[in-house]
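A short write-up of the structure that comes next.
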Amino acid sequence: MSEEVAGVDAVILVGGLGTRLRPLTLSAPKPMLPTAGVPFLTHVISRIREAGIRHVVLGTSYQAAVFEAHFGDGGELGVELEYVVEHEPLGTGGGIRNVADRLRGDTVLVFNGDNLIGVDLNKMLATHADTGADVTLCLHRVDDPRAYGCVPTEPDGRVTAFLEKDPNPVTDQINAGLYAFRRSVIDSIPAGRSVSVERETFPGLLAAGAVVVGHVNEGYWRDFGTPADFVTGSADLVRGIAPSPAVRAPGERLLLPGAAVDPAATVGGGSTVGRDAVVERDAEVDGAVLFDGARIAAGAVVRRSIVGAGAVVGPGTVLEDAVIGDRAVLGANLELRAGARVWPGVELADGAVRFSSDL
C-alpha cells in the first residue's frame with residue numbers, strides 16, 4: 001500500500017441506470033451488485049486506497065441513498081467518502097463539474113464506475129505531473145476498437161483527436177474511462193447542464209491548445225456493463241486475474257459465509273457462491289455468480305450466468321450465458337441459453353422453456 005498522496009482527490013461516477021444489466025439493476029445500482037463477494041464499487045475504492053488517495057467523492061443519481069447506507073463515511077475501507085447527488089442527467093462532464101465544490105486538491109482522478117482498470121495509478125499520476133498535462137487519459141489497447149472511443153497520440157503521448165466509435169479506427173488505443181484532471185479544467189466545465197467530456201470537453205481542450213496526454217494501461221481492463229462482462233470480470237477477480245485488494249485469497253471459487261456446496265457438486269472457473277446459497281449434489285457451477293440465498297438444485301448446470309438473490313434453479317435445468325432475477329423460480333429440465341433473462345419473481349414450470357428438443 002502506498003503512502004498517502006497529498007493534493008489528489010478521487011471522483012467516481014456511479015449515477016448510471018445500468019440498463020444493460022437488467023433485471024439485476026432493478027433492485028440495486030450496478031456498482032452495488034455483488035462482484036467476487038463484495039459490491040463492485042468496493043474493488044474500485046480499494047484500488048484508490050492502495051494508491052494512497054484518501055479523499056473520494058461519489059457522484060450518484062440512481063438509487064443514490066444505497067451508496068451511503070452501505071459505505072457510510074468510508075472509514076471501513078480506509079478512505080473519507082463524500083456523496084453528491086445528480087438530480088437530472090448531466091453527462092460525464094456535467095457529473096464531474098457537479099462535484100467540484102467538494103474537491104480539495106489540484107489534481108483529480110476521475111473514474112467511470114463501470115470499469116475495473118489494472119493501471120498503476122501512481123505511475124499515471126506521475127505522467128500527469130511530469131508532462132504538465134491539463135488532462136491525462138488512461139488509454140487501453142484492444143483488438144477491435146470499433147465499438148469504443150479511439151484516441152490517437154503522438155510518440156510523446158500528446159493526444160491528437162477523439163474519435164467516437166469510428167468504423168475505420170486509426171488506432172487500437174481506446175478511452176479506458178479514467179482521467180487525471182487539473183482542478184482548473186474541472187472548474188471550466190459549464191455548470192448546470194449536460195456535458196460530455198468525450199464529445200465536448202476533450203475536443204474543446206484540444207482546439208484551445210491545452211496539454212492533453214495519454215497514459216497507456218498495460219494491465220487489466222474491463223467494462224462491467226453487460227452480463228457477459230460482469231460474469232467474466234467477477235471470475236477474473238476471484239481467480240486473481242483482475243487486481244483488487246478486496247480479494248484476499250484468489251482461487252477457482254469463492255464461497256461466502258453460510259454457502260453450502262454438496263461434495264458431489266462441481267463449483268469452479270472463478271464462480272462465487274453467495275451467503276447462504278446452496279448448490280446441491282451433481283450440480284455444476286462454472287464461471288458463474290450466485291447471489292445470496294440462491295439455490296441450485298441437483299443436477300442443474302449453471303455456466304457463465306448470474307443467479308439473483310433468493311432465486312431457485314430446478315433439477316436438471318441448464319443455464320448458459322443467462323441472467324436470472326431475484327426470487328425467480330425455475331422448474332426442472334429448463335434450458336436457458338444465449339443471453340436469456342428472467343425477471344424477478346417470475347416462475348417457470350418444469351420443461352417450459354427449451355433450446356433443444358431432447359428431454
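- With hydrogens and angles ignored, the 3.5 Å screen pairs no side-chain donor or acceptor of R20 with any backbone N or O of T226.
- Side chain to side chain, H140 and E218 fail the donor-acceptor criterion of an N or O pair below 3.5 Å.
- For F40 and F230, the gap between ring centers reaches or exceeds 6.0 Å.
- Distance alone, capped at 3.5 Å, places no donor-acceptor pair between the E335 side chain and the R354 backbone.
- A salt bridge links D229 with R222; the closest basic N to acidic carboxylate O contact falls under 4.0 Å.
- Ion pairing between a basic and an acidic side chain is recognised when a charged N comes within 4.0 Å of a carboxylate O; R193 and E200 show such pairing.
- Under a cut-off of 6.0 angstrom, the local environment of CZ in R341 is crowded, with over 12 non-hydrogen atoms contributed by other residues, nucleotides or ligands.
- Remark: side-chain polar atoms of R97 are paired, donor with acceptor, to backbone N or O of I189 under 3.5 angstrom.
- One N or O on the side chain of R47 and one on the backbone of I117 form a donor-acceptor pair closer than 3.5 Å.
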> For V57 and I12, what are the C-alpha separation, side-chain angles and deciding distance, and is it a side-chain contact (heavy atoms from CB on, under 4.5 Å)?
Replying inline: CA-CA 6 Å; V57 183; I12 312 175; over 6 Å; no

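- Taken from CZ in R22 to CH2 in W343, the straight-line distance is 8.0 Å, to the nearest 0.5 Å.
- Checking side-chain atoms of S46 against main-chain N and O of P245 turns up no donor-acceptor pair under 3.5 Å.
- Residues V119 and W221 fail the side-chain proximity criterion, which asks for heavy atoms closer than 4.5 Å.
- Between the side chain of T266 and the backbone N or O of E284, no donor-acceptor pair lies under 3.5 Å.
- Here the side chain of D114 pairs no donor or acceptor atom with the backbone of D223 at under 3.5 angstrom.
- Put simply, the side chain of T317 gets close to the backbone of L334: a donor and an acceptor are under 3.5 Å apart.
- For D9 and R104, the salt-bridge test fails: no basic side-chain N is under 4.0 Å from an acidic carboxylate O.
- The closest side-chain donor-acceptor pair between T136 and H215, if any, does not fall under 3.5 angstrom.
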> Could you walk me through whether R54 and E80 pass the salt bridge (charged side-chain N to carboxylate O under 4.0 Å, His left out) check?
Replying inline: CA-CA 6 Å; R54 303 292 188 264; E80 178 187 352; over 6 Å; no

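- Linking ILVMFWY side-chain heavy atoms closer than 4.5 Å, directly or via other members, places L58 and V66 in a single hydrophobic cluster.
- Under the 3.5 Å distance criterion, with hydrogens and angles disregarded, no donor-acceptor pair is assigned to the side chains of T160 and E154.
- No option in I174, V213, V212 other than V212 meets the side-chain contact (heavy atoms from CB on, under 4.5 Å) test with L137.
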> Are D172 and D143 close enough, and set up right, to give a side-chain contact (heavy atoms from CB on, under 4.5 Å), and what steps lead you there?
Replying inline: CA-CA 7 Å; D172 62 355; D143 292 334; over 6 Å; no

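- Taken together through direct or relayed side-chain contacts under 4.5 Å among Ile, Leu, Val, Met, Phe, Trp and Tyr, L77 and L121 form part of one hydrophobic cluster.
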>> Before you tell me yes or no, could you show the steps for V238 and R253 under side-chain contact (heavy atoms from CB on, under 4.5 Å), namely the whole-Å CA-CA distance, both residues' side-chain angles and the distance that decides it to 0.1 Å?
In response: CA-CA 7 Å; V238 170; R253 66 183 193 177; 5.6 Å; no

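- Judged by distance alone, with hydrogens and angles left aside, the side-chain atoms of S305 form a donor-acceptor pair with the main-chain N or O of R303 at under 3.5 Å.
- For the pair T92 (side chain) and S196 (backbone), a donor-acceptor distance under 3.5 Å is absent.
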>> side-chain contact (heavy atoms from CB on, under 4.5 Å), that's the test. Do V329 and L348 meet it? Break it down for me.
In response: CA-CA 6 Å; V329 178; L348 297 180; over 6 Å; no

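- With respect to R304 and D286, no salt bridge is recorded, no charged nitrogen being found less than 4.0 Å from a carboxylate O.
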> When you look at D134 and R182, which way does the salt bridge (charged side-chain N to carboxylate O under 4.0 Å, His left out) test go after all the steps?
Replying inline: CA-CA 5 Å; D134 294 294; R182 189 188 299 272; 3.2 Å; yes

